[in-house]
> 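One structure is given below, represented as structure tokens, and several questions about it will come after.
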Protein chains: 2
Amino acid sequence: MSAALTLLDESGPSAASIRGIAAKVGVAPNAVYTYFPDKAAVVKGVVERLLGEVDHTASGDDAGSWRDRVAALAVELRRALLAHPGAVPLMIGGPMDGPHALALNERLLELLADAGLDPADAARAAYLLIVYAFGSIAMEVADQHGVAPMPPEQDRIAARLDAFAAIPATHLPRTAAAATVMAGYVSEAQYVWGLHRVLDGISTA
Amino acid sequence: MSAALTLLDESGPSAASIRGIAAKVGVAPNAVYTYFPDKAAVVKGVVERLLGEVDHTASGDDAGSWRDRVAALAVELRRALLAHPGAVPLMIGGPMDGPHALALNERLLELLADAGLDPADAARAAYLLIVYAFGSIAMEVADQHGVAPMPPEQDRIAARLDAFAAIPATHLPRTAAAATVMAGYVSEAQYVWGLHRVLDGISTA
DNA sequence: ACCTGAACACCGTTCAAGT
DNA sequence: ACCTGAACACCGTTCAAGT
């Protein structure tokens, strides 16, 4: 059942309608209410399903430093979420308190405890990392959804350059220059760079 | 006209419907299409209106360090957005490329240039700060919208404690402990703490 | 230019009824 | 328990028509 849900947001961008799901499963719209009390519950199910796709073993059990392991987990999270970009906007819509969300948080807290942070600092640092990861991924999806079905990265860079060419360089000189700079970066590189700045900040806490 | 838009999302949480707006203005639903081509344009207008509410002078012209000025701007941004919590989910829905969004970005780049960052680092750092601020505010709104119309902070802390009391402490010991820790923090304090960790990270770049 | 009434193809959700 | 048909109160959007 919930398998059909993810199949749906693969096809449509924000076509996560109850009626659409029912049609895809080949059933009447109201039959969905046998399994879910309302649409919010369906969305929650999709979010949990997606978070379950995150491979926690990506942060190896004894691999490198705690920083590398946190970074690997964050990159794996991004990979899992960007596999279904249409579902990403649904995550920030409501609180993430399902089992898979909590398991991810637990894993993160373990890694931060290994880093030597006391529980209070680890709690705040974990929240910071989660805010950064989900915020970054959500903005990435928001900035690109408009061009049709997922053009390759190099084409999107060109599109970004075109879009920012309209920025009035005389009135907003720094923004125009920054746009040129950012257009040269691959999204994942920016994500990883920001992640390491956050990790730097946490290390000083 | 756009004044009526913000008035609307003050009243309703996500009642930003075209028909609802039209009713509030006392006009037929389709009359809205005289001013906006479609709903996306209306949303864009609301977002821009809200970003225009940010007081750029909050980061004083010659006050303290560049860090204090960036922090003041970020806190002012949070204040402006949380004044209309219902509109926050609309911001991450689409790209923010309006005049006020660009002006905010320009101001941020100025402050980072004052900090001595070269244009390339300033561009990436500005994006990181924007991701953090909007991501943090969006998650803050997402975590609390469910309890009716904005209970005071101290009540929400109690609610958070109740919500996390259900966390299985045996299976997720660190998450349970972290939840207790986080419940003791005021949202703005966590926001400012994370902001300074990000600023620490930027300083090391 | 600005507004209306009426209609189109959608929503989420409920209710009574069937197996 | 699981599904259906029919209906309710909504959406965003279009179109022809009025001033």
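For the numbers below, each heavy atom of this structure counts, side chains included, while hydrogens, waters and symmetry mates do not. Naming: A, B, ... by sequence-line order, numbering from 1 per chain.
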> Can you measure Ile18(B) atom CD1 to dT13(D) atom P for me and round it to whole angstrom units?
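Interatomic distance, CD1 of Ile18(B) to P of dT13(D): 6 Å.
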
> For Ala72(B) and Ala58(B), work out which heavy atoms get closest and say how close.
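Minimum heavy-atom contact is CB-O, 3.6 Å.
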
> Just jot down the ring-ring contact (aromatic ring centres under 6.0 Å, His included) partners of Tyr127(B), sequence neighbours excluded, or say none.
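Counting only residues at least two positions away or on another chain, Tyr127(B) forms no ring-ring contact (aromatic ring centres under 6.0 Å, His included).
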
> With a cut-off of less than 4.0 Å, is there a side-chain N or O of Tyr35(B) near OP1 or OP2 of dC3(C)?
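For dC3(C), OP1/OP2 do have a side-chain N/O of Tyr35(B) under 4.0 Å.
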
> Without placing hydrogens or testing angles, list every side-chain donor-acceptor pair under 3.5 Å for residues 85-93 of chain B, not counting sequence neighbours.
none

> Whole-Å distance between dC11(D) P and Lys39(A) NZ?
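Rounding to the nearest Å, NZ of Lys39(A) and P of dC11(D) are 14 Å apart.
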
> Can you give one letter per nucleotide of nucleotides 14-19 of chain D, going 5' to 3': B for a protein heavy atom under 4.0 Å from the base, S for sugar-phosphate only, - for none?
BB----

> List for me each residue that meets ring-ring contact (aromatic ring centres under 6.0 Å, His included) alongside Tyr132(A), sequence neighbours excluded, and say none if there are none.
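ring-ring contact (aromatic ring centres under 6.0 Å, His included) list for Tyr132(A), sorted by chain: Tyr191(A).
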
> When you compare the side chain of Leu81(B) with that of Val141(B), does any pair of heavy atoms fall below 4.5 Å?
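A side-chain contact under 4.5 Å is absent here.
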
> Only counting residues at least two apart or in another chain, list the ones meeting salt bridge (Lys or Arg N to Asp or Glu O under 4.0 Å) with Arg79(B).
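Counting only residues at least two positions away or on another chain, Arg79(B) forms a salt bridge (Lys or Arg N to Asp or Glu O under 4.0 Å) with Glu76(B).
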
> Once rounded to the nearest 0.5 Å, what's the spacing between atom CZ of Arg69(B) and atom CD of Glu110(B)?
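The distance works out to 9.0 Å.
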
> Working to the nearest 0.5 angstrom, can you tell me the gap between Leu172(A) CG and Leu109(B) CG?
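Here the rounded value is 9.5 Å.
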
> For Arg19(B) and dA9(D), what is the distance between atoms CZ and P respectively, to the nearest whole Å?
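So the CZ-P distance, Arg19(B) to dA9(D), works out to 14 Å.
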
> Taking atom C1' of dC11(D) as reference, at what distance in whole Å does atom CD1 of Ile21(B) sit?
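To the nearest whole Å, that distance equals 13 Å.
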
> Could you spell out the base pairing of DNA chain D in dot-bracket, with Watson-Crick or G-U pairs whose two distances are under 3.5 Å, [ ] crossing and | to another strand?
||.|||||...|||||.||

> Between Asp38(B) and Pro29(A), which is nearer to the 5' end of DNA chain D once each is assigned its nearest nucleotide?
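Its nucleotide being nearer the 5' end, the pick is Pro29(A).
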
> Please determine whether a side-chain nitrogen or oxygen atom of Thr34(A) lies at a distance below 4.0 Å from atom OP1 or OP2 of dA1(D).
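It does not, given that no N or O in the side chain of Thr34(A) lies less than 4.0 Å from OP1 or OP2 of dA1(D).
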
